[in-house]
Amino acid sequence: MAIWLNKDTRLLVQGITGKEGKFHALGCRDYGTQLVGGVTPGKGGEVVEGIPVFDSVEEARQRSGANATMIFVPPPFAADAIMEAADAGIELIVCITEGIPVNDMIRARAFLRDRPLQKSRLIGPNCPGIITPGQAKIGIMPGHIHRPGRVGVVSRSGTLTYEAVWQLTGLGLGQSTCVGIGGDPVNGTSFLDVMKAFRDDQETDAVILIGEIGGNAEEDAAAWIRENFDRPVVGFIAGRTAPPGRRMGHAGAIVAGGKGTAVAKMEALAAAGIQVCESPAELGATVAQALAGRRR
């Protein structure tokens, strides 16, 4: 099974006529995703590698039946692209763009929140996307390292997602769905959102949760997991050696006021019964041990 993305998903790409948008759109199509159109204002009627281009998301949805979009739009315009997709009723919005101004994202998230009759899920921004191995992918992740299976992965870091997946695949453990939620301080989908979806997927037997310094999203998820999730969860927190007060990597990876430290997050995960790894190199083996112990 899967969460949010499967073989029936019909994908648009906003920004498909740009170099990066085209490259990764074709990568999604080559993986098996149903790529039904692209959107670039002013370029409607063009065709990119057999993919029709439309002037607006609304037109593209009406003519292609799309229910998901991948956004490769420059940062000054990306928040508007998110809101345009939501306004057109797109159910799944995956924003890859990084560097979107925080104020723009606050505005976009409020727009999504205030549309109760048209629920759109935003993943990202500044994320690698989402993949259900063997069915479809939306994003920039290397599809060839994934294999279908029963371990869910959720992470703030794209590269650490790939590392965890590579280890799982090497051990013969496939993945149900892998979600990169992105490292910006204002994003659309949280660890908690993903964990709730994995709880409802009875074909996800275990989850890897990869966090990093900054914010309190990992602690919120840990508190919920302790009371509501009955399958193994293996965690890792990046940034243990980061100097306090300095942003490291992602825009949201900053420790301020003594909060959001790696130690505090690791303690919260451990208190929730999550098996916390000291090194990302231990993730795959720890999941394998947890599943073996559960079977016994």
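Numbers here simply count residues along the sequence, with the first being 1.
The side chain to side chain contact (heavy atoms under 4.5 Å, CB included) test with W4 singles out one residue from T9, V194, V94, and that residue is V194.
Atom CH2 of W166 has 12 or fewer neighbouring heavy atoms from other residues, nucleotides or ligands inside a 6.0 Å radius. The environment of F111 atom CZ is dense: over 12 non-hydrogen atoms of other residues, nucleotides or ligands sit within 6.0 angstrom.
The residues D30 and K137 are annotated as not salt-bridged, no charged nitrogen and carboxylate oxygen being separated by less than 4.0 angstrom. Between R61 and E91 a salt bridge is recorded (basic side-chain N to carboxylate O distance below 4.0 Å).
Between S157 and E212 the shortest heavy-atom distance is CB-OE1, 4.4 Å. Nearest approach of A238 to L160, heavy atoms of both residues: CB-CD1, 3.9 Å. Looking at every heavy atom in both residues, F236 comes nearest to E278 through CE1-O, 3.6 Å. Taking each heavy atom of V233 and I274 in turn, the nearest pair found is O-CG2, 3.3 Å. In plain terms, the two heavy atoms of M195 and V154 that are nearest each other are SD-CG1, 4.4 Å. Contact between I131 and L5 at its shortest, heavy atoms only, is CA-CD2, 4.0 Å.
Counting heavy atoms from C-beta on, the side chains of V13 and V48 never come closer than 4.5 Å. Residues I93 and S120 are in side-chain contact: their nearest non-hydrogen atoms beyond the backbone lie under 4.5 Å apart.
Between the side chain of Q14 and the main chain of T69, no donor-acceptor pair closer than 3.5 Å is present. Under the 3.5 Å distance criterion, the side-chain polar atoms of R156 are matched with a main-chain donor or acceptor of I213. For the pair T177 (side chain) and A2 (backbone), a donor-acceptor distance under 3.5 Å is absent. Using a distance-only test at 3.5 Å, with no hydrogens or angles considered, a donor-acceptor pair links the side chain of R109 to the main chain of N187. One N or O on the side chain of D193 and one on the backbone of S190 form a donor-acceptor pair closer than 3.5 Å. Looking only at distances, a side-chain donor or acceptor of T189 sits under 3.5 Å from a matching main-chain atom of L122. In this structure, the side chain of K265 engages the main chain of G215 through a donor-acceptor pair within 3.5 Å.
Taking the ring axis of F229 as reference, the NZ or CZ atom of R231 stays within 45° of it and closer than 6.0 Å to the ring centre.
Here the straight-line distance linking atom SG of C178 with atom CG of L168 works out to 7.5 Å at 0.5 Å rounding. Taking OG1 from T161 and CD1 from I130, the interatomic distance works out to 11.5 Å, rounded to the nearest 0.5 Å. Atom CG of N216 sits about 11.5 Å away from atom CZ of F191, to the nearest 0.5 Å.
Cluster annotation: I96 is not connected to M83 through the hydrophobic network of ILVMFWY side chains, with a link wherever side-chain heavy atoms come within less than 4.5 Å.
Residues E203 and S176 bring no donor and acceptor atom of their side chains to less than 3.5 Å of each other.
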